[in-house]
2 protein chains.
Amino acid sequence: MKYRNLGLKLTPQRLAILEYLEGNTSHPSAEDIYRKVHNEFPTMSLATVYSTLSALKVKGNVLELTVDPDKKRYDPNTNMHNHLICIQCKTIIDIPGAGSVALPEDLGQDFAVFKSHVEFYGLCPSCKKKAKAKEEDSHVR
Amino acid sequence: MKYRNLGLKLTPQRLAILEYLEGNTSHPSAEDIYRKVHNEFPTMSLATVYSTLSALKVKGNVLELTVDPDKKRYDPNTNMHNHLICIQCKTIIDIPGAGSVALPEDLGQDFAVFKSHVEFYGLCPSCKKKAKAKEEDSHVR
DNA sequence: ATTAATGCAAACACTTTGCAATGGA
DNA sequence: TCCATTGCAAAGTGTTTGCATTAAT
């Protein structure tokens, strides 16, 4: 099975969390994960979610995002990518972008940069469409 | 006086906070601000710090940063700039960078981007120097 | 005189911890 | 069997809120 080599004991709880996370691009919080997995697994506790996330983070199988001012979000996509935060609906959307952004030239010597992460603040496709429709509507009136 | 046009009542507490923030590049947390200002102003309460920060944020005089996983940090520099988080000493350092980073070309139509913020993860000048010294030391041994 | 701001304490939200019981390896 | 993991509850942070008092305008 695909999770065999994680170096973690594969409890049913962990499998349920891993399955929920697999390919998930919704950047769920611990609470989000708990709610979902709790359905199929009523005995699951929130502490277990936190402990599993912590273990996965250490193993490098999950990224802890600090894009939400209220709570940590988790991302099973550990490949380098960026995020757009929709200022309207607050959705967090993956934005491809492999290479690390470069520091301004004159600073390159002073710092060592290992990775970078870009937060775009704007409108997601859905909210952009709505805003455009609203704007056109106001022209007609 | 320079804070007259904020549209806020200028209480001594607020003046003390504004003065502490003026030109400050340390990205302090609410607690940091409280501790400092509490010295010269023993009656100052933490709730007042939070309420003042909230008012300043609304007025656009302070930025609330979400770069620290543990707490919010505040930045009186509201001009567009980026940040480097030193993975060694955890310091947050301003990195110039005016223009908004561009989205990947093929996504430009779907999204609307108003601003962007780059987080660089690496070593600050001081920690880079230390790391280099240590490395050279190990060559000699 | 009005009305917003203060300070305190209580409430809240998120996350971590201690520990006995459980169950993978 | 052994030791990591679970679930629960309690505790720990950071932040917000309610409210009577105070003070800026």
Side-chain angles (χ1 to χ4, degrees), chain A residues 1-20 27-59 61-74 90 92, chain B residues 1-21 27-59 61-75 90 92:
Chain A
M1 164 177 315
K2 55 186 161 185
Y3 298 124
R4 212 171 248 162
N5 304 320
L6 277 181
L8 297 172
K9 282 194 183 175
L10 282 187
T11 66
Q13 292 88 334
R14 285 185 170 170
L15 279 176
I17 295 175
L18 284 166
E19 234 158 76
Y20 172 66
H27 311 91
S29 66
E31 182 77 36
D32 293 334
I33 299 171
Y34 171 69
R35 273 202 303 269
K36 266 294 183 171
V37 179
H38 187 263
N39 289 335
E40 58 173 285
F41 226 100
T43 152
M44 163 81 64
S45 93
L46 186 51
T48 296
V49 174
Y50 276 109
S51 108
T52 296
L53 286 171
S54 161
L56 290 175
K57 187 174 73 167
V58 170
K59 296 281 178 188
N61 288 87
V62 145
L63 250 35
E64 191 182 87
L65 305 182
T66 55
V67 288
D68 184 330
D70 294 327
K71 45 184 166 276
K72 291 172 185 164
R73 303 293 208 93
Y74 295 87
K90 309 297 185 212
I92 300 168
Chain B
M1 164 173 319
K2 54 186 162 184
Y3 298 124
R4 211 170 250 162
N5 303 321
L6 276 182
L8 297 172
K9 284 195 182 174
L10 282 187
T11 66
Q13 292 88 333
R14 285 186 170 170
L15 280 175
I17 294 175
L18 283 166
E19 234 158 76
Y20 173 66
L21 247 25
H27 312 90
S29 67
E31 181 78 35
D32 292 335
I33 298 171
Y34 172 69
R35 272 203 302 269
K36 266 294 184 173
V37 179
H38 187 263
N39 288 336
E40 58 173 285
F41 225 100
T43 153
M44 163 81 64
S45 92
L46 186 51
T48 296
V49 174
Y50 276 109
S51 107
T52 296
L53 286 172
S54 162
L56 290 174
K57 186 174 73 167
V58 170
K59 297 279 178 189
N61 288 87
V62 145
L63 249 35
E64 192 182 86
L65 304 182
T66 54
V67 289
D68 184 329
D70 293 327
K71 45 183 166 275
K72 291 173 184 162
R73 303 292 208 95
Y74 295 88
D75 194 337
K90 308 297 184 214
I92 299 169

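Please read all numbers here as calculations on a predicted model, not as lab measurements.
Counting heavy atoms from C-beta outward, Ser29(A) and Asp32(A) have side chains that approach closer than 4.5 Å.
At whole-Å resolution of the value, CZ in Phe41(A) and C1' in dT5(D) are 12 Å apart. One atom, CE of Met44(B), and another, C1' of dA5(C), lie 11 Å apart when rounded to the nearest Å. In this entry the distance linking CG of Leu10(B) with P of dT6(C) reads 10 Å, nearest Å. Atom CG in Asp68(A) sits about 14 Å away from atom C1' in dT15(D), given to the nearest Å. Atom CG of Leu46(A) is separated from atom P of dT16(C) by 10 Å (rounded to the nearest Å). Taking atom NZ of residue Lys9(B) and atom P of nucleotide dT22(D), one finds them 15 Å apart after rounding to whole Å. As rounded to whole Å, 16 Å separates atom C1' of dC8(C) from atom OH of Tyr50(B). Rounded to a whole Å, the NZ atom of Lys57(A) is 12 Å from the C1' atom of dT16(C).
Contact annotation: Lys71(A) reaches the phosphate of dC14(C) (side-chain N/O to OP1 or OP2, under 4.0 Å). Distances shorter than 4.0 Å separate some side-chain N or O of Gln13(B) from OP1 or OP2 on dG7(C). Residue Thr11(B) has a polar side-chain atom (N or O) positioned under 4.0 Å from OP1 or OP2 of dT6(C).
Among the protein residues, Pro42(A) comes within range of no part of the nucleic acid, since none of its heavy atoms lies under 4.0 Å from any strand. Note on Ser51(B): only backbone sugar-phosphate atoms sit closer than 4.0 angstrom, heavy atoms only; bases stay farther off. If you check every strand for non-hydrogen atoms under 4.0 Å, Thr43(B) touches sugar and phosphate atoms only.
Screening Leu18(A), Thr48(A), Val49(A), Val37(A) against Gln13(A) for a side chain to side chain contact (heavy atoms under 4.5 Å, CB included) leaves a single residue, Thr48(A).
In terms of modelled atom types and a separation under 3.5 Å, the side chain of Arg14(B) and the main chain of Lys9(B) share a donor-acceptor contact.
Taking all atoms of both residues into account, the shortest heavy-atom contact from Ser45(B) to Tyr34(B) is C-CE1, 3.7 Å.
For the atom pair NZ of Lys72(A) and CG of Leu65(A), the computed distance is 11.5 Å after rounding to the nearest 0.5 Å.
In this structure, Glu64(B) and Ser45(A) both approach DNA chain D, and ranking their closest nucleotides by distance from the 5' end singles out Ser45(A). For Arg73(B) and Leu8(B), each mapped to the nucleotide of DNA chain D holding its nearest heavy atom, the one lying further toward the 5' end belongs to Arg73(B).
With distances taken from any side-chain atom of Arg14(A) to the nucleotides dT5(D), dG24(C), dT17(C), the minimum falls on dT5(D).
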